[in-house]
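For reference, the structure is listed below as structure tokens.
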Amino acid sequence: MHAYVIRRLLALIPTLFFASLIVFVSMRVIPGDVVDLMLAQNDIATGQDRERIEASLGLDKPLHIQYVQWIGGALVGDLGHSLWQNTPVTELILARLPITFELGLLALFVALTVAIPIGIYSALYQDTAGDYIARSFSLLMLAVPSFWLGTLVMVFPSVWWRWSPPLEFVPFFEDPVRNLAHMLVPAILLGLSLSAVTMRMTRTTMLEVLRQDYIRTARAKGLSEPMVVLRHALRNGLIPVVTLIGLQAPLLIGGAVILEQIFVVPGMGLLLLEAVSQRDYPVISGVFLIVGVGVLFINLAVDLSYGWLDPRVRRR
Amino acid sequence: MTEQLRAAGPAPAPPRALAGAPARRQPVLRFVRRLIREKPLGAFGGAVFLLFLFCGIFADVLAPYGMNATNLTERLEPPSWAHPFGTDHLGRDVFSRVLIGAQLSMIVAFLAAGLATIVSVAIGNLSGYFGGKLDMVTQRFVDAWMTFPDLVLLIVVISVIGPGVPQIVLVLGLLYGIAGSRIVRGAVVTVRQEMYTHASQSIGARPPHILLWHILPNIMPVVIVLFTTRVGAVILSEAALSFLGLGVPPPAPTWGSMLSSDGRTYMYLGPWLALAPGLCLTFVVYGINVFGDAMRDLLDPRMRGSR
């Protein structure tokens, strides 16, 4: 198990390096000149001269030195300052990160409570009407854009019943009830889009597991059907689902950006969109980097838990 | 050796040329018949997609009004015979705008999915065929690339290079191209170990020749399925970007921008504005998704379940 953990951690290093390189290159090389954009877009920058801005951003140095300085700063938690608010980017991100995290967790909870029971049902009653309905629903959820569902939820209840989802953010520790009331609708929408894939996966793996010999053995020795399904089949059937959840982390974060925008949830996604509309490049690259690193670590956690859940993996 | 190689190169061509056009078209026809017989849902999806493609191609002819023809006396009219999907806050016909939206959607989808497929094939072939250090470095890069959520990556890059059709095609093409290269690579690695590849290598064929004549034809099923699934992903991503105001700039009527928060203000007065673009998106993506699934099952059973 130790060797497995160490191997997995070592494999993370090149990926982290490339991820940081992608962020660096997209922010420094593609735009031509960040300073031009700053001079053109930001009133703050007009008072200062070109060299001073270049020096303050470290742009007067060769690219590889710039990269080392930037990544060195990032490693100790210094991602630069916002061009507009003059607050450290790290501080801005830390304020928003827990909110997106909460939204993600709630969505995951919704997704699993919807997807796993339906997935199991679909596998147990394969090719029945219920199975077809469940599968059609999952195919449909893969096609419906979450921003459209969000728009519908905003518009129609308001037109029909003069009710619309609350849009005022309240910190969780200030008033958990109002906080949850606000987060619930975006969490359900995000969870539904995630549930489609999870449901398909649960169904597929359960079908596979239910055909195994040990399930026949369990039935043959007279165990009740719920016991066979929940104790014997589900435990093995859910292992690939755990990996899938890790793989879905990028989707979850991407979906969060849109739903945070619609429902005014001040998380990482809204921070990114605000930064984009203000062309606040240090904030954009900071969020970009943190999201990437965050996903990498979620995947790491999933892989490690996989090794813990499935003893066969450890020995490989 | 080179003469032998030349002789071996075009060898598969003559029988095809001799058979002529009808024989070449028949496999496609037979495939369509098999699709309808074995995968009716997939065939239905393909038909839905073709319908939208048709609307997109002939949008200029089909649209009863201009996409930006404003008529201030008919603002926010509910659906009627004159305006099947109603009119928006500037009196523009929503039906016409949805049709032109289909056109924009299809143009972006085919260009970006095409570019993505080319990028995937290029990277996948090089990485999968040559293997070794090149493969290792490429794969770690692809790992890192796939770490970033699609939408976050798109938002960041568009924020830097600015919105517009060429930029979106380029970014979506690169995004899905690099991510998809992994699937192509997997297929290439399998084909590389086949007897015919080794045979070609042993008579001294060069890698470009092997890649073009032996690897590429044999990974075509994977490439076709990849392209199909990418079309759906591109349509959704473009719509999401336009929804956020980072896609095709206004006044171009894309489905995403018709649903954007600017438009939402008027949806409270005219709820029909929220329906048509979203329904179109759902139908077209549903169609291409089930069609892609059916293609995958028929062409390449190994890819089943992978997305």
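Bear in mind the structure is a predicted one, so any value in this text is a computation, not a measurement. So that the names make sense, note that chain A is the first sequence line, chain B the second, and so on, each numbered from 1.
Using a 4.5 Å heavy-atom cutoff, the side chains of Phe24(A) and Leu289(A) are not in contact.
When Leu140(A), Thr204(A), Leu251(A), Leu252(A) are compared by the number of non-hydrogen pairs under 4.5 Å with chain B, Leu140(A) comes out ahead. Top candidate by heavy-atom pairs under 4.5 Å with chain B, chosen from Leu139(A), Val257(A), Leu152(A), is Leu139(A). When each of Val293(A), Ile284(A), Leu149(A) is checked for heavy-atom pairs under 4.5 Å with chain B, Ile284(A) comes out on top. For the options Leu154(B), Val290(B), Ile155(B), heavy-atom pairs under 4.5 Å to chain A are most numerous at Ile155(B).
At a heavy-atom cut-off of under 4.5 Å, chain B is reached by Leu272(A), Leu273(A) from residues 264-274 of chain A, listed in order of number. Residues of residues 144-153 of chain B lying under 4.5 angstrom from chain A, judged on non-hydrogen atoms, are Ala144(B), Trp145(B), Met146(B), Thr147(B), Phe148(B), Pro149(B), Leu151(B), Val152(B), Leu153(B) in numerical order.
Put simply, CZ on Phe18(A) and CG on Leu21(A) are 7.0 Å apart, with the number rounded to the nearest 0.5 Å. Note: Ile183(B) CD1 to Ser120(B) OG = 7.5 Å, rounded to the nearest 0.5 Å. Here Leu97(A) contributes atom CG and Leu92(A) contributes atom CG; the two are 12.0 Å apart, rounded to the nearest 0.5 Å. With values rounded to the nearest 0.5 angstrom, Ile100(B) atom CD1 is found 11.0 Å from Cys55(B) atom SG. Of the inter-residue distances, the one linking Leu105(A) atom CG with Thr100(A) atom OG1 reads 11.0 Å to the nearest 0.5 angstrom.
Residue Phe283(B) qualifies as open at atom CZ: its count of foreign heavy atoms under 6.0 Å is 12 or below. Annotation for Phe44(B): atom CZ does not count as buried by contact number, only 12 or fewer foreign heavy atoms lying within 6.0 Å.
Aromatic rings of Phe243(B) and Phe147(A) (six-membered ring for Trp) have centroids within the 6.0 Å cut-off, being under it.
Using a 4.5 Å cut-off between heavy atoms, Ile262(A) touches chain B through backbone and side chain atoms alike. Looking at Leu275(B), the atoms closer than 4.5 Å to chain A (heavy atoms on both sides) sit in the backbone and in the side chain alike. Looking at Leu279(B), the atoms closer than 4.5 Å to chain A (heavy atoms on both sides) sit in the backbone and in the side chain alike. Both the backbone and the side chain of Val137(B) come within contact range of chain A, with heavy atoms under 4.5 Å apart.
Between Pro145(A) and Thr282(B), the closest heavy-atom pair is CD-OG1, 3.7 Å.
Here Asp143(B) pairs with Arg140(B), Arg182(B) under the salt bridge (charged side-chain N to carboxylate O under 4.0 Å, His left out) rule; sequence neighbours left out. In terms of the ring-ring contact (aromatic ring centres under 6.0 Å, His included) criterion, residue partners of Trp160(A) (sequence neighbours excluded) are, by chain and number, Phe156(A).
Ring planes of Phe49(B) and Phe110(B): tilted class, angle from 30 to 60°.
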